[in-house]
Visitor: 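Dumping the structure here so I can ask a few things about it.
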Protein chains: 2
Amino acid sequence: MATIKDVAKRAGVSNSVVSRAFNNYPDISEKTRQKIFDVAKELNYTPNIVAKNLSSKKQKTIGLIASGIFTENTKDTISFEVLKGVYTGAQEKEYELSIFLIDSLKQEQKSYTQFCRDRKIGGIILQGIRTDDRYFKELMNTDIPCVMVDVVSDIENRLIGSVTSDNYGASKKVAKHLLEHNHRKIAVVAGTRETYVNSERFKGTKKAFEEFGLELSDEDVMYGEFAEEKAYYLTKTYLEYKQPTAFICYSDLMAYGVMRAVKEKGLRIPEDVSITGFDDLLISNFTQPRLTTVRQDFFEMGKQSALLLQQMMESKEGKKLVYVENEFMERDSVRYCNEKQRKDEYSNGQTEYSNDYIT
Amino acid sequence: MATIKDVAKRAGVSNSVVSRAFNNYPDISEKTRQKIFDVAKELNYTPNIVAKNLSSKKQKTIGLIASGIFTENTKDTISFEVLKGVYTGAQEKEYELSIFLIDSLKQEQKSYTQFCRDRKIGGIILQGIRTDDRYFKELMNTDIPCVMVDVVSDIENRLIGSVTSDNYGASKKVAKHLLEHNHRKIAVVAGTRETYVNSERFKGTKKAFEEFGLELSDEDVMYGEFAEEKAYYLTKTYLEYKQPTAFICYSDLMAYGVMRAVKEKGLRIPEDVSITGFDDLLISNFTQPRLTTVRQDFFEMGKQSALLLQQMMESKEGKKLVYVENEFMERDSVRYCNEKQRKDEYSNGQTEYSNDYIT
DNA sequence: CTGTTAGCGCCTTCAA
DNA sequence: TTGAAGGCGCTAACAG
């Protein structure tokens, strides 16, 4: 493989000139520049990225740290979409990308900071990590630029950005949709309490209730930790003493769990119970019934993260917030709530409508 | 960040001793080794991978080149599973992983070989790439060890391995399953003709027919190129002049296309037509009806690829073939073919059974 | 067992 | 506009 030396020798110049030519320095005569590129092409030379990375001051590689890829539900391919987006964004500006997938099952976690230092990573994108993680905290004490996906932090004095979507607005829309469909007995299956997206979505729900002059009761809010099984069990229990006409779920995954529990109870969706999700995973278009939810463009979020990070790395400027569009997807899991259903007291059991439809 | 020098100085030894200690060379006294590790821990030192990579003869990074991630059907998350597997396998033996995702839509392809050289990649895993690709051919003319997923090549004199599953056996099992369920009017929606897995699966199908004293007619074999839409259109056309009682599809994606075409024709699955797939994608458990198919463990295939590649890189030994288990998943898209259906001539239209069930 | 020396391939002052 | 020299952080002979 040709090295910079070979090109230099063949072009009759010194290494440094070749280096400058390849890095678009202006202080090179057009003639030699051309000569160098000609020779390079002839020798099929491209700079070695490893050596470049080692010697250069400039940071041209970014990292993606993603958690929950291994342990989580395989139905969840969000991380993959983010990864594709980040890759695309990095590619666009010719940054190298190094990925770090965290397997939360394994004990031997590694320091994010270490990960960056060891690879000369100049900036990092964080996806699905917990802000109470010790390695996250450690990272926050460094000066490595960070972009977080779906987390907006209040950390000051630090190069940190966020990419997310309008969780508040979308969530409000979902709740209003249900409210407008005459639902009043609504249960909320929220995610993880301390989480940014959860609190945004919760605000949205509450706001919608408010606008209808209603209040959301604590006992109708469950915390499913964004997990299908957890949501399933919570719903099972909930249904033993209450029967809402609708469930608002803060993730599709949880909606699947709720659907299962609801069906097992012998209730029909959406005839007896309406259900909404959030995310629009692949499967949501294939569930029975198809899930009404909020589509998030995770690919775009990944891409924007990479772009934002690169910009931060180059300009050394701080705190940016980028929003990516989301979209309310009205499908088949929500139906108008009739007066009878609406007036029925919460009961310990099934409504008369549903007895025949156990699936 | 602490460098090797800092450790050396603090431990009162030279750089090379520290280097050796960290690379587990035996020629170091237990005492100094211990001393070095102590100091390293104290200084929070870990070797810089970039520098290591540059200076070392040993190749400790592998690459994954995957195609079709961007352009293909988003229902297909196979590449992602492979990626996770490769990552896990690399991680296990402390290899670095560099990924190269090919966007076939973009014109500006890059040389695989270049990709490897530029990053000092010592071995490469290929997934979803075409063997008639010019860059693939170029790569084959180098001495870079390769492992291919789901491609078994006949290239000689070269460090090359393959990881796949028993496509022949699984495919045979599928066909026999249909045959045993009394189906005789069977159409095959094959994939891409020149492809390894396609030919293996085809052999399996033929073998099963043979064992039943039957022969597969050319006119009942379509080539859907593993694409949902292609399969959909082929099936639409096919159904205009023939009505099989079963479709064997060489991928789930194509099965979805076939299902759609079949339903649009007003035929019921599996009452009128049985359908089988191959791969067991996420959605196949949620289609209507749930798809009978062959589950492939793509994660394991990715992992085994990484392991095999590493072994090849270390031992310089050649041509290995690793099989990963697959599993026949009997679900709801296949049903026993009754005598009436079986005897019906291929007709230009629907059977009498299905007229009422247009969905 | 340990230190010395010379790179790996490139970038980056500093002088010319 | 160019060249020389030093260095990025580490490994790898080769002495000792």
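Every chain is numbered from 1, with letters handed out A, B, ... down the list of sequences. Given the structure is predicted, the values throughout are model-derived calculations rather than measurements.
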Visitor: Taking the cut-offs as 6.0 angstrom to the six-membered ring centre and 45 degrees off its axis, would you call B:Lys110 and B:Phe115 a cation-pi pair?
Guide: no
Visitor: Report the distance from atom CD1 of A:Ile4 to atom C1' of D:dT2, rounded to the nearest whole Å.
Guide: 14 Å
Visitor: Relative to the ring of B:Tyr135, is the ring of B:Tyr112 parallel (under 30°), tilted (30 to 60°) or perpendicular (over 60°)?
Guide: tilted
Visitor: Could you tell me how far apart A:Ile36 (CD1) and C:dC10 (P) are, to the nearest whole angstrom?
Guide: 13 Å
Visitor: When you measure from the side chain of A:Ser111 to the backbone N and O of A:Thr113, does any donor-acceptor pair fall under 3.5 Å?
Guide: yes
Visitor: Take the protein atom CG of A:Asn48 and the nucleotide atom P of D:dC8, then report the distance between them rounded to whole Å.
Guide: 18 Å
Visitor: Would you indicate, yes or no, if D:dT11 has its OP1 or OP2 atom less than 4.0 angstrom from a side-chain nitrogen or oxygen of B:Ser19?
Guide: yes
Visitor: Please report, rounded to the nearest Å, how far the P atom of C:dT12 is from the NZ atom of A:Lys60.
Guide: 12 Å
Visitor: Roughly, in whole Å, what's the span from CE in A:Met1 to P in C:dC10?
Guide: 10 Å
Visitor: For nucleotides 1-8 of chain C, give me one character per nucleotide, 5' to 3': B if any protein heavy atom sits under 4.0 Å from the base, S if the only such contacts are to the sugar-phosphate, - if neither.
Guide: SBBB--BB
Visitor: Please give, in whole Å, the distance from D:dC10 C1' to B:Lys57 NZ?
Guide: 13 Å
Visitor: Roughly, in whole Å, what's the span from NZ in A:Lys9 to C1' in D:dT2?
Guide: 19 Å
Visitor: If the threshold is 4.0 Å, N to carboxylate O, is there a salt bridge linking B:Glu300 and B:Lys303?
Guide: no
Visitor: Hey, are A:Arg119 and A:Glu96 close enough for a salt bridge, meaning a charged N less than 4.0 Å from a carboxylate O?
Guide: no
Visitor: When you measure from the centre of the six-membered ring of B:Phe80, is the NZ or CZ of B:Lys84 under 6.0 Å away and within 45° of the axis?
Guide: yes
Visitor: What's B:Asn53 touching, base or sugar-phosphate or nothing? Going by heavy atoms closer than 4.0 Å.
Guide: nothing
Visitor: Check whether any side-chain nitrogen or oxygen of A:Tyr25 sits under 4.0 Å from OP1 or OP2 of C:dC11, and answer yes or no.
Guide: no
Visitor: To the nearest angstrom, how far is B:Lys58 atom NZ from D:dA13 atom C1'?
Guide: 13 Å
Visitor: For the residue pair B:Ser16 and B:Ser14, confirm or rule out a side-chain donor-acceptor distance under 3.5 Å.
Guide: yes
